[in-house]
Amino acid sequence: MKHANMLKYENDDIDAFIQRALDTTLRDDADLNELLVLETGKYGVDGMALLDKANTSTYGNPVMTKVNIGVGKNPGILVSGHDLKDMEILLKQSEGSGVDIYTHSEMLPAHYYPELKKYSHFVGNYGNAWWEQKKEFESFNGPILMTTNCIVPPLDSYKDRVYTTGAAGFEGIKHIDSDDPNNKDFTPIIEHAKKCKPPIEIESGYIVGGFAHNQVLELKDKIAEAVKSGAIKRFIVLGGCDGRHKERDYYTEFAKKLPKDTVILTAGCAKYRYNKLDLGDINGIPRVLDAGQCNDSYSLVVIALALKDMFGLQDINDLPIVYNIAWYEQKAVIVLLSLLYLGVKNIHLGPTIPGFLSKNVVDILVEKFNLSGISNVDDDLNKFNLIA
């Protein structure tokens with residue numbers, strides 16, 4: 001909602017629900033089934049729909065895009081987080097300065113929007129998911145702008161190059177703000193960048209993304225034909241959040257072992273576990289369809305509902321889709337509750353069930369929606385009937 005508000009899109013009903021929900025958590029007689037699952041999920045869908053409208057109305061519908069993961073010869077600024085308005089302001093203010101702009105982690109999907117990708121100094125994406133930032137911020141050489149969460153306590157060696165804005169902040173870090181969040185002055189970070197060396201290249205090549213609902217629905221005839229012919233047998237929603245724990249290697253191995261007649265639908269930084277594996281395509285349709293940020297999970301819902309209608313099905317659960325979602329923090333949980341509100345069942349959540357869900361809530365999710373966890377890659381592929 002904050003990102004939508006930055007683009008001057010508001011919804012009083014959602015704001016009122018947030019206040020009511022916070023108040024209700026103080027009551028012992030709260031109806032967990034109604035409040036914590038279905039109603040929260042409804043407003044989760046509404047919130048993501050509003051943000052989708054704000055982003056696409058302002059910057060155009062995302063389009064299929066090859067994003068450079070190498071580096072240029074100019075000094076650069078690395079932008080991490082989620083806020084597209086901050087990215088737009090920085091791109092405008094840095095144009096013609098001799099400084100290149102790169103995305104990091106969840107800001108990668110900024111490259112998919114026509115109104116942002118038009119800037120010639122918007123060079124590419126540097127690095128991977130948020131938890132690898134310490135080594136990647138070190139080698140980037142230039143300043144880093146954190147627009148939202150996911151900041152890791154910075155090392156002293158690059159701490160003077162980190163800037164925050166908006167809701168992000170960290171003790172001892174320079175913060176750029178304004179009474180008007182739509183008119184920030186990023187001059188300090190641009191001038192800082194001019195004094196820095198260009199980034200050190202840590203990889204090269206391209207990754208492909210931009211498969212939000214509008215782009216995927218433009219491919220619907222090709223997808224329908226691939227499904228009818230048997231070239232595509234299953235879709236896998238393999239989205240959510242990444243983290244540093246070794247057990248999250250599960251998602252890389254899972255993607256590697258998927259049969260070649262499956263297509264991955266993803267959003268969020270979990271995609272960094274497999275978006276550079278070169279999994280190929282099916283009749284020209286990439287096997288990894290990246291819709292964007294965690295916020296853009298709404299696109300996966302729109303795609304699923306469109307597929308249901310396209311194949312003449314009565315229930316979204318009749319689709320050949322497996323949901324295997326990685327969670328890390330609360331944003332992934334509102335995505336989960338949104339899916340439950342839409343009636344999606346048999347979702348698998350990993351690598352563990354969130355510890356902050358009480359036993360009562362977990363019992364409701366298991367009983368009414370058949371929510372379950374994950375085990376190991378081979379057993380889960382067998383359980384999902386995904387053995388090649």
Side-chain angles (χ1 to χ4, degrees), residues 37-53 55-56 61-62 64 209-240 258-259 261-268 270-271 281-326 332 334-349 365 368-372 380 383-386:
V37 180
L38 297 181
E39 193 173 10
T40 306
K42 174 200 181 303
Y43 285 102
V45 174
D46 291 348
M48 287 190 285
L50 182 68
L51 179 59
D52 179 80
K53 181 179 180 181
N55 286 340
T56 57
N61 281 298
M64 184 171 69
F211 296 98
H213 55 87
N214 189 72
Q215 179 68 87
V216 172
L217 295 183
E218 286 185 0
L219 300 171
K220 66 179 182 180
D221 291 340
K222 184 179 272 191
I223 292 172
E225 179 58 36
V227 171
K228 290 175 183 176
S229 71
I232 295 177
K233 288 196 168 59
R234 301 290 281 277
F235 296 90
I236 316 296
V237 175
L238 203 60
L258 282 172
D261 55 12
T262 59
V263 171
I264 296 172
L265 303 174
T266 191
K271 62 176 165 274
D281 65 84
I282 300 174
N283 298 344
I285 302 166
R287 288 191 57 223
V288 177
L289 298 180
D290 173 25
Q293 301 176 344
C294 282
N295 311 316
D296 297 313
S297 296
Y298 174 76
S299 271
L300 305 184
V301 170
V302 174
I303 292 167
L305 292 172
L307 290 174
K308 176 178 79 73
D309 294 339
M310 188 164 66
F311 297 129
L313 302 174
Q314 296 300 311
D315 190 325
I316 195 171
N317 296 295
D318 293 334
L319 283 168
I321 297 181
V322 172
Y323 296 84
N324 194 358
I325 298 173
I334 190 61
V335 170
L336 169 66
L337 298 184
S338 298
L339 290 172
L340 299 181
Y341 165 72
L342 293 167
V344 177
K345 297 182 178 180
N346 305 312
I347 295 173
H348 305 273
L349 196 63
L365 299 182
K368 294 188 176 297
F369 300 99
N370 199 29
L371 181 77
S372 63
D380 285 346
K383 180 169 63 177
F384 304 153
N385 195 25
L386 291 170

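Index from 1, following the sequence.
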Gln293 backbone acceptor or donor facing Asp296 side chain under 3.5 Å: yes
Sub-4.5 Å side-chain heavy-atom contact between Phe384 and Asn324: yes
Mutual orientation of the aromatic rings belonging to His213 and Tyr298 [parallel < 30°, tilted 30-60°, perpendicular > 60°]: perpendicular
Which atom of Asp315 lies closest to which atom of Asn317, heavy atoms considered: OD1-N, 2.8 Å
Pairwise side-chain contact, Ile325 with Leu339, heavy-atom cut-off 4.5 Å (strictly under): yes
Pair Asp380-Lys383, side chain to side chain contact (heavy atoms under 4.5 Å, CB included): steps then yes or no: CA-CA 5 Å; Asp380 285 346; Lys383 180 169 63 177; 3.7 Å; yes
Shortest non-hydrogen contact from Gly239 toward Thr266: CA-OG1, 3.6 Å
More than 12 heavy atoms from other groups under 6.0 Å of NZ on Lys53: no
Euclidean distance, Leu371 CG relative to His348 NE2, rounded to 0.5 Å: 9.0 Å
Side-chain heavy-atom pair Ile347, Val237 within 4.5 angstrom cut-off: no
Exercise: identify the closest heavy-atom pair between Val335 and Cys294: CG2-O, 3.9 Å
Stepwise side chain to side chain contact (heavy atoms under 4.5 Å, CB included) test for Val227 and Phe235: CA-CA 10 Å; Val227 171; Phe235 296 90; 4.1 Å; yes
Considering all heavy atoms, the nearest Ile282-Arg287 contact: CG1-CG, 3.8 Å
Point-to-point distance, once rounded to the nearest 0.5 Å, from CD1 of Ile316 to CG of Leu305: 4.5 Å
Euclidean distance, Leu365 CG relative to Leu337 CG, rounded to 0.5 Å: 7.0 Å
Taking every non-hydrogen atom, the tightest pair across Pro286 and Val263: O-CG1, 4.0 Å
Any Lys271 side-chain heavy atom under 4.5 Å of Val288 side chain: no
Nearest-0.5 Å distance, OG of residue Ser299 to CG of residue Asn214: 9.0 Å
Heavy atoms from other residues, nucleotides or ligands near NZ of Lys220 exceed 12 (cutoff 6.0 Å): no
Side chain proximity check, Ile303 to Phe211, heavy atoms < 4.5 angstrom: no
More than 12 heavy atoms of other groups within 6.0 Å of Met310 CE: yes
Exam field: side chain Thr56 to backbone Asn61, donor-acceptor pair closer than 3.5 Å: no
Side chain to side chain, Leu342 and Val301, heavy atoms closer than 4.5 Å: yes
Exam field: side chain Gln215 to backbone Gly210, donor-acceptor pair closer than 3.5 Å: no
Which atom of Leu38 lies closest to which atom of Tyr341, heavy atoms considered: O-CD1, 3.3 Å
Leu289 CG to Asp281 CG distance, which is reported to the nearest 0.5 Å: 10.5 Å
Any donor-acceptor pair under 3.5 Å from Lys233 side chain to Gly230 backbone: yes
Interatomic spacing from CG in Leu319 to CZ in Arg234 - rounded to 0.5 Å: 11.0 Å
Residue pair Leu386 / Ile236, side-chain heavy-atom distance below 4.5 Å: yes
Within-4.5 Å side-chain heavy-atom neighbours: Val216 and Leu265: no
